[in-house]
Amino acid sequence: MHPKKDVLRSDAQRNRERILEVALAELTRSADAPLSAIAKKAGVGQGTFYRNFPNREALVLEVYRYEVQQVADTACQLLQTRPPDQALREWMDRLAQYAMAKAGLADAMRKATSTRGTLAGVGHGPVTSAVTLLLQANEEAGTIRPGLTPDDFLLAIAGLWQIDPHGDWQTRAGRLLDLVMDGLRAGAPR
């Protein structure tokens, strides 16, 4: 054990988390938030900042990855405290809230990533895992039609990404997701 190394490691981890928290807030507010302003608000020097995130793309991807993981992790929490169909429907609401609240972050992603499809690629793993977990629990409970894949589900909710986050998105998203849920239930054994 090297207590000095452990302290350095935890300091570095705290710095990284602080940068991500500030970057999330700043990039959600403005896709063009300067990196120097993010470093200053996070209370870290330029050297520390660039050691963690060598460029804007690296920072934006990491913020997005962190946020997507948070949303994905709620699937397991919801399944522990609610019936599977209720957990699925509530998780869909969380996904919609995330999508609408992070419109600025999505703009930052589009600007930072020159290669098409990077956004989907980063979030695909955690979101697919969450959807798989929810669909399996519902299929075992007989609350949705059998044989649905995560890709089926993601295609069914694709309209979510077309909703204007600055309009009455909650009503529109609610209607869309209720419609998707009704479709998932059609043909359920229970």
Side-chain angles (χ1 to χ4, degrees), residues 13 16-17 20-21 23-25 27-28 31 60-110 112-113 115-190:
Q13 187 58 35
R16 187 175 176 80
E17 283 167 13
L20 286 172
E21 280 171 33
L24 172 62
L27 292 169
T28 299
V60 172
L61 283 171
E62 192 54 38
V63 168
Y64 180 76
R65 188 177 286 122
Y66 174 78
E67 277 294 284
V68 166
Q69 192 61 58
Q70 302 295 102
V71 174
D73 289 346
T74 62
C76 196
Q77 294 156 15
L78 288 167
L79 280 170
Q80 288 169 359
T81 55
R82 291 158 179 74
D85 55 339
Q86 195 183 330
L88 176 60
R89 185 62 188 81
E90 280 189 44
W91 187 81
M92 289 160 78
D93 282 336
R94 302 263 177 107
L95 188 64
Q97 282 174 335
Y98 166 77
M100 297 303 121
K102 303 306 175 205
L105 183 57
D107 287 344
M109 277 297 295
R110 277 191 287 277
T113 55
T115 54
R116 294 178 55 74
T118 305
L119 182 69
V122 171
H124 192 70
V127 171
T128 300
S129 297
V131 171
T132 301
L133 192 68
L134 289 160
L135 291 180
Q136 280 174 348
N138 276 278
E139 192 169 325
E140 284 166 19
T143 49
I144 62 169
R145 68 171 66 198
L148 292 166
T149 68
D151 282 346
D152 295 336
F153 175 83
L154 293 170
L155 275 172
I157 65 161
L160 196 56
W161 316 117
Q162 307 306 314
I163 297 173
D164 178 7
H166 306 295
D168 181 20
W169 68 264
Q170 282 167 309
T171 304
R172 295 196 68 197
R175 272 200 319 263
L176 171 75
L177 297 176
D178 284 344
L179 189 64
V180 169
M181 198 69 207
D182 288 346
L184 296 175
R185 286 187 177 116
R190 206 179 83 186

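We number each residue from 1, following the sequence as shown.
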Quick one: pull up [atom1] in [X] and [atom2] in [Y] and give me the separation to the nearest 0.5 Å.
X: Thr132; Y: Asp151; atom1: OG1; atom2: CG; answer: 9.0 Å
X: Gln70; Y: Leu24; atom1: CD; atom2: CG; answer: 9.5 Å
X: Ile144; Y: Gln136; atom1: CD1; atom2: CD; answer: 10.0 Å
X: Arg172; Y: Leu160; atom1: CZ; atom2: CG; answer: 11.0 Å
X: Leu27; Y: Glu67; atom1: CG; atom2: CD; answer: 11.0 Å
X: Tyr66; Y: Arg16; atom1: OH; atom2: CZ; answer: 11.5 Å

- request: For Glu21, check salt bridge (Lys or Arg N to Asp or Glu O under 4.0 Å) against everything at least two apart and list the hits.
  value: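 By the salt bridge (Lys or Arg N to Asp or Glu O under 4.0 Å) rule, Glu21 matches no residue at all.
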
Should [X] and [Y] count as side-chain neighbours, where that means a heavy-atom distance under 4.5 Å?
X: Leu179; Y: Arg175; value: no
X: Glu62; Y: Leu20; value: yes
X: Leu154; Y: Thr128; value: yes
X: Leu88; Y: Leu184; value: yes
X: Leu134; Y: Leu79; value: yes

message: Looking at Asp85 and Arg89, is any side-chain nitrogen of the basic one under 4.0 Å from a carboxylate oxygen of the acidic one?
response: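 Between Asp85 and Arg89 there is no salt bridge, as every charged N stays at least 4.0 Å from the carboxylate O atoms.
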
Is [X] reaching over with its side chain to a backbone N or O of [Y], donor-acceptor style, under 3.5 angstrom?
X: Asn138; Y: Thr143; value: no
X: Arg145; Y: Ala186; value: yes
X: Asp93; Y: Glu90; value: no

Using atom types as modelled, flag every donor-acceptor pair under 3.5 Å from a side chain in residues 71-78 to any protein atom, sequence neighbours excluded.
residue : atom : partner : partner atom : Å
Asp73   : OD1  : Gln69   : NE2          : 2.8
Thr74   : OG1  : Val71   : O            : 2.6
Thr74   : OG1  : Trp91   : NE1          : 3.4

query: Minimum heavy-atom separation for Val131 to Pro150, with atom names?
result: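 Taking Val131 first and Pro150 second, the nearest heavy atoms are CG1-CA, 3.7 Å.
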
message: How close do Gly142 and Pro189 get, counting heavy atoms only, and between which atoms?
response: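 Heavy-atom minimum between the residues: O-CD, 3.6 Å.
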
